[in-house]
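Scroll down for the structure; my scribbles are underneath it.
Keep in mind it's a predicted model, so treat the numbers as computed, not measured. Values reported hereafter were calculated over all heavy atoms of this structure, with side chains retained and with hydrogens, waters and symmetry mates removed.
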Amino acid sequence: MDEHLPEPIRAVEHELTALLRRGRAVSWEIAREVHPNLEPNTYGLLLWLRRSGSIRLTELAARLGVGKGTLSRQINGLEALGLVRRDPDPSDRRAAKIRFTEEGQRRFDAARSARVGEFLRTLNDWPARDVEEFARLLGRFNDTRK
């Protein structure tokens with residue numbers, strides 16, 4: 001089967017696999033630095049939470065592409081670790097908004113800072129247009145996966 005695939009597709013598969021492996025390693029490192037009991041698959045959740053500030057569980061589940069039940073269990077675990085909290089949603093008393101605790105945000109920012117520094121060093125020699133194009137193409141690829 002492999003010999004029937006066009007070379008560019010095989011190259012994309014190879015490079016994407018390497019990128020995913022690297023991404024998982026980064027997620028593991030950051031998760032352990034945030035809290036030793038934190039599951040590595042929560043990194044994406046924490047990143048969205050950091051960008052959003054405060055967000056409803058249903059909206060976060062939609063952005064992450066996961067079920068509300070799965071996300072609720074992850075949020076419960078983060079609450080138990082003191083990293084996030086639920087605040088009443090002022091626009092809907094039945095709902096809550098999830099946000100970092102001060103300690104959770106401090107820990108996440110400190111752990112993420114070292115990794116972002118690695119990205120900066122890796123991309124430092126790239127022309128700005130290449131970095132922008134790389135981000136655009138990754139975004140385009142990810143948007144088609146929804």
Side-chain angles (χ1 to χ4, degrees), residues 1-87 89 95-146:
M1 157 126 184
D2 196 50
E3 60 276 355
H4 300 295
L5 291 174
E7 180 53 35
I9 298 300
R10 288 191 298 193
V12 167
E13 178 186 35
H14 174 78
E15 296 302 332
L16 187 57
T17 300
L19 180 66
L20 292 171
R21 187 173 46 249
R22 187 176 188 182
R24 279 192 299 272
V26 167
S27 293
W28 273 95
E29 290 172 14
I30 292 175
R32 285 192 178 128
E33 288 179 34
V34 171
H35 195 283
N37 297 333
L38 189 63
E39 293 185 27
N41 60 351
T42 58
Y43 174 70
L45 183 162
L46 294 174
L47 187 58
W48 267 108
L49 200 55
R50 182 65 175 103
R51 288 180 179 161
S52 303
S54 178
I55 190 169
R56 289 176 69 165
L57 185 113
T58 53
E59 185 180 348
L60 185 57
R63 288 187 184 195
L64 293 171
V66 298
K68 290 187 293 185
T70 298
L71 183 58
S72 185
R73 284 188 295 278
Q74 289 178 326
I75 295 297
N76 288 341
L78 294 170
E79 278 185 301
L81 296 174
L83 300 173
V84 302
R85 71 173 193 242
R86 296 175 203 240
D87 293 327
D89 184 344
K97 288 198 166 191
I98 302 155
R99 62 180 296 137
F100 270 110
T101 61
E102 286 183 32
E103 178 67 9
Q105 184 169 320
R106 185 193 65 72
R107 286 173 169 246
F108 180 76
D109 288 350
R112 184 174 171 233
S113 177
R115 299 310 166 261
V116 170
E118 290 177 22
F119 293 148
L120 289 171
R121 283 187 295 282
T122 299
L123 300 172
N124 188 46
D125 294 335
W126 290 29
R129 293 176 79 183
D130 286 358
V131 175
E132 291 166 5
E133 182 68 359
F134 183 53
R136 187 189 70 75
L137 290 171
L138 284 172
R140 181 176 169 193
F141 180 81
N142 287 330
D143 284 346
T144 60
R145 302 289 300 154
K146 291 179 181 175

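The two residues Lys68 and Ala61 make their nearest non-hydrogen contact at CG-CB, 4.1 Å.
Residues passing the ring-ring contact (aromatic ring centres under 6.0 Å, His included) test with Tyr43 are Phe108, sequence neighbours excluded. With sequence neighbours excluded, no residue satisfies side chain to side chain donor-acceptor pair (under 3.5 Å) with Gln105. Every side-chain contact (heavy atoms from CB on, under 4.5 Å) that Thr17 has, sequence neighbours left out, goes to Glu13, Arg21. Trp126 pairs by the ring-ring contact (aromatic ring centres under 6.0 Å, His included) definition with Phe134, not counting sequence neighbours. Evaluation of the side chain to side chain donor-acceptor pair (under 3.5 Å) rule for Glu102 yields no partner, not counting sequence neighbours. Partners of Thr70 by side chain to side chain donor-acceptor pair (under 3.5 Å), not counting sequence neighbours, listed by chain and number: Arg73. Qualifying salt bridge (charged side-chain N to carboxylate O under 4.0 Å, His left out) partners for Arg106, counting only residues two or more places apart in sequence or in other chains: Glu103. Residues forming a side chain to side chain donor-acceptor pair (under 3.5 Å) with Glu79 (at least two apart in sequence, or on another chain): Arg86.
Every pair tested for ring-ring contact (aromatic ring centres under 6.0 Å, His included) that includes a residue from residues 46-78 fails, sequence neighbours excluded, so the list is empty. Among residues at least two apart or in separate chains, side-chain hydrogen bond (donor to acceptor under 3.5 Å, both in side chains) pairs with a member in residues 25-34 are Glu29-Arg115, Glu33-Arg115. For the salt bridge (Lys or Arg N to Asp or Glu O under 4.0 Å) condition, the pairs that include at least one residue of residues 123-134, sequence neighbours left out, are Glu133-Arg136. Counting only residues at least two apart or in different chains, salt bridge (Lys or Arg N to Asp or Glu O under 4.0 Å) contacts with residues 39-59 comprise Arg50-Asp109, Arg56-Asp89, Arg56-Asp92, Glu59-Arg63.
Atom CD1 of Ile98 and atom CD of Gln74 lie 10.5 Å apart (nearest 0.5 Å). Between the CD1 atom of Ile9 and the CG atom of Leu16 there is a distance of 11.0 Å, given to the nearest 0.5 Å. Rounding to the nearest 0.5 Å places CG of Leu81 at 9.0 Å from OG1 of Thr42. Taken from CD1 in Ile75 to CG in Leu60, the straight-line distance is 6.0 Å, to the nearest 0.5 Å. The distance from the CZ atom of Arg112 to the CD1 atom of Ile30 is 7.5 Å, given to the nearest 0.5 Å.
For the pair Leu38 and Leu83, the minimum side-chain heavy-atom distance is below 4.5 Å. Inter-residue side-chain proximity for Leu78 and Phe100 is flagged as unmet; no heavy-atom pair is nearer than 4.5 Å.
Side-chain atoms of Arg107 come within 3.5 Å of backbone atoms of Val34 as a donor-acceptor pair (strictly under, hydrogens ignored).
A side-chain contact (heavy atoms from CB on, under 4.5 Å) with Val84 is found for one member of Leu45, Thr101, Asn76, Leu49 and no other, namely Leu49.
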